[in-house]
Every structure is written in structure tokens, then in C-alpha cells.
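First listed ligand is number 1; within each ligand, the first listed atom is number 1.
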Amino acid sequence: MNFETWWLLALPLVFGLGWMAARLDLRQAISEQGALPRSYFKGLNFLLNEQPDKAIDAFIEVARLDPETTELHFALGALFRRRGETERAIRVHQNLATRPDLPDTEREHALYELGQDYLRAGLLDRAEDALRALMSGPYAASAKRVLLELYEVEKEWRKAIDAARELQSATQQDYSVQIAQFCCELAQDALQRKQADEAIGWLEQALRENPKNVRAPILLGDVAMASGDLGAALGHWLGIERQDASYLPLVADRVVKAYRDLGEQGKALEWLRGLLKTGLAPELLDTAYRTELELAGPAAAAALMREQLRRQPSLQALTRYFDARAALAAPAPATADVAEGNGAPAADAANATADATPADATAQEDAAIRDLLQLRTRNLARYTCRECGFRARLFYWQCPGCNRWESYAPRRTEALG
Ligand SMILES: [Zn+2]
């Protein structure tokens, strides 16, 4: 009987204690879950309302409350770097990289991010150290890619060649275009130091790496020209036609100069006229016009531009056609100025004649049209990067916008803004 009474008393007590424990657990769980989502949602709300600064503050609060949220730390670090706040990104990633409780892969991830932060901040030595520590493991290939970027920034072309070769064998991706360009960079360095033989060595290596590389024959021609071997220079430049004829306009001025120095002006004219017929304008148009005007006179230049307008109409050809007409109308000594692209003499000639004869009136109209065209076509033709769309007046082997190599086609595009 005593035993039964004890049971009757103990059972409700045990249930009661169990119920209380469950309530306590639940309350704690609710308070834990409740604290995190509130800041998360606050942060998300700020992000959605395009208030990134307040969003970051909210997320920092979450990260402070719960240091275990490494994913959030990584996200914050990446966000800081993207916003250019490299110091804050470095602090977040440094904190992660030095935490002893993190597994190796997370610590390597932090080092990889840190390497990119340092690179962005211009702390190149530190970036190299961080990335060099990752040469094996899951972040090896990514770290090597950033390291290659770093060597390009540092203009450490030999190291860049080694890094590209390593990447080539590790990732099975083709880096021959880049390696050939690095060889060309080294050749240019050698040329600046007047080390012609060393330059030639690098350029030949560039062509072995990438036989389609056009920069190497351009530079080989420059080396030959500097040593006075005009025939060899012409051989290198004209040989580009066999690689990719669309790059010929890049060497048009050089070819014309070499022919002229050789006293073979006729060949220069013949070469340019032939190329215009193949549709490589508008890049060649300026060189062709100037050369024709200088060597064959304004009537021939006007005829060439008229022919070009029929074949491939463009604002640039139209402008040059009116330039040629102005050169024809202008007194003889003014021709040289017009050839330089300076329209002043023709305009003066037009303005000077208040009592206009029919011919003067035509000249005046021509000048007005030409001025208008020049205004409209100035800065019109641009090289455009295929990868990022960066437009530039000069031709670049490496895009200043996205740092990709050979992303510019050698053709300028005429696009009205
Ligand atoms: Zn680009």
C-alpha cells in the first residue's frame, strides 16, 4: 500500500518536471531562432530597399551575435571587396584565416579571399604570400589564376609565363595566347634596353607558343627597321597577311614609311589601293588618303575616296572625300596642311571670298559640309573590346577595362553615339 501511494505521488511530479523541462528548452530555442532571423530579415529588408550600408550593419550584428556563421562572414568579406572597402574585407578574412576552430578547407578559403583582397588593395607582396600558401588543395587552381593576374599587374612576365604553364597543365585550359603575349612584353622590355638579340629570341618564342600571334611580327619588323634592314622589316609586316589580314591596318603606316625610305613610293600606293579593295577600311582609310594626297596629289586622293564611297560608304570616307575636294580647290602651298588633317587653309580660302564666283560658292559649301562631318566623325571610330565592350581610340593587346588579352578586334567600329 505504501508503495502504491508513493507511485501516485511521484508520477505527476515526474510528468510535471518533464513538462517544465520541455517548456524551458522550447523557450530557449524560440529565443535563439528569434534573435537571428530578426537581424537577418532586417538586413535583407535593407538590401531589398537598396540601402546596402544599413544592410551591412545588420549583417555585422548577426555575425557578432553568432561567430559560428562563417558563411555570413565570407559573404560580408566578398561584399566589402566588391564595394572597394578592401580594408574591411581584409579584416573579415584575416579573422577567419586565423581562427583555430575552423576546418582546413574554410581556412584555405579565407586565405584565398585574403589574397584577392590584398591584390585589390595593391598589397602585392602580401597577396603573393597568401596565394603561394595554397599551391595544393582545393583552392590551388583558383589561387594560381589570381597569382597570374598579380604577376600581370606587377609586370613580372617571366613569373607570369611559369604560372600560365602551371595552370595550363593543372586545368587543361589553353594559355598559349597569354604566354605568347608575355613573351612579347619581355621582347618590348628588351627593346627598351636596346637588346635586339634578346628581343628577337622572345619574339620567336612567342610565335612558337602561338603561331597566330600578330604582335611578334610587328615587333620583329620594328627590330629590323631599327637596324636599317628595310626589306626584312617589310617581310615581317607584309607576312601578317598570311596570319590574319585584318591586322594589316595596324602596320599600314610602318609599311608606307619603309617603302618610302626605300624610294619605292609606287609600291606603297599600289599596296594601299589593293588593300582598300579587299574591304579592310575604315582603318586604312586615313593612311591611304594621306599617302595618296602626298604622293599622287589631291585629284588622285579625291578619286580614291569617291571609289571607296561607292564600294563601302562611311562617314569617314565622305569626310576624306570633302578633304580632298578642299585640297583641290586650295592654293598649292596649302596642300601640306590639309594633308595633316588641318582644315584651316581651305576655310580661310572660302571665307576670303565675299564676292563669290560659282566655284568659290562651291568651295564654301564644301567647307561647311566638311566642318560638319569632321565635328560628327571626330572620336567616332573606336576599337571595341569583345569581352567587356570597353571602347578605345588606340589599339590595345590587353584590354584596359577587363585585362583580357587580344580581346580587341583590329577593326574600329563607326557607331553614332
Ligand atoms: Zn575588355
Side-chain angles (χ1 to χ4, degrees), residues 78-79 81-86 89 112-113 115-122 124 127 131 141-157 159-161 163-168 171-189 206-207 209-219 240 243-252 280-284 286 314 316 377-417:
L79 193 64
R81 189 170 64 233
R82 238 194 342 268
R83 286 161 55 92
E85 297 179 50
T86 40
Y112 169 62
E113 298 293 337
Q116 292 182 79
D117 297 339
Y118 285 141
L119 176 60
R120 187 66 64 83
L124 303 181
L131 296 164
S142 310
K144 279 174 187 167
R145 250 180 235 119
V146 183
L147 211 50
L148 177 60
E149 204 183 309
L150 183 147
Y151 293 141
E152 286 179 21
V153 173
E154 284 182 319
K155 300 194 183 301
E156 288 273 6
W157 305 114
K159 285 186 180 179
I161 291 175
R165 279 198 213 289
E166 273 183 48
L167 265 174
Q168 198 158 253
T171 61
Q172 310 302 322
Q173 273 177 322
D174 184 20
Y175 279 85
S176 57
V177 168
Q178 287 91 328
I179 295 175
Q181 285 289 344
F182 301 155
C183 292
C184 289
E185 292 287 345
L186 282 163
Q188 270 197 322
D189 286 351
L207 284 170
E209 296 287 345
N210 176 21
K212 286 190 187 156
N213 181 294
V214 177
R215 192 178 175 188
I218 294 178
L219 290 172
I240 290 170
Q243 293 176 298
D244 187 345
S246 64
Y247 281 91
L248 280 174
L250 293 181
V251 291
L280 286 166
E283 284 73 25
L284 274 171
D286 284 345
S314 69
Q316 203 192 359
T377 53
R378 193 180 300 147
N379 302 331
L380 193 66
R382 288 273 197 272
Y383 295 105
T384 309
C385 172
R386 260 186 237 112
E387 302 288 342
C388 72
F390 192 93
R391 284 166 69 74
R393 210 141 58 91
L394 297 175
F395 180 83
Y396 290 101
W397 295 105
Q398 185 183 25
C399 172
C402 65
N403 295 332
R404 300 249 168 79
W405 291 94
E406 297 189 24
S407 60
Y408 279 92
R411 307 200 65 156
R412 280 183 295 203
T413 46
E414 259 191 21
L416 286 170

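- Partners of E156 under the side-chain contact (heavy atoms from CB on, under 4.5 Å) rule, at least two apart in sequence or in another chain, are Y151, E154, K159.
- For E387, the salt bridge (Lys or Arg N to Asp or Glu O under 4.0 Å) partners are R404, not counting sequence neighbours.
- Under the 3.5 Å distance criterion, with hydrogens and angles disregarded, a donor-acceptor pair is assigned to the side chains of Q398 and E152.
- For the Zn ion (ligand 1), the nearby protein N/O/S atoms, meaning those under 2.8 Å, are C385 SG, C388 SG, C399 SG, C402 SG.
- Shown here are the salt bridge (Lys or Arg N to Asp or Glu O under 4.0 Å) partners of E209, two or more places apart in sequence or in another chain: R165.
- A salt bridge does not link E149 with R120: none of the charged nitrogens is closer than 4.0 Å to a carboxylate oxygen.
- Between W157 and W405, the ring planes are perpendicular. Angles over 60° get that label, and only those under 30° would be called parallel.
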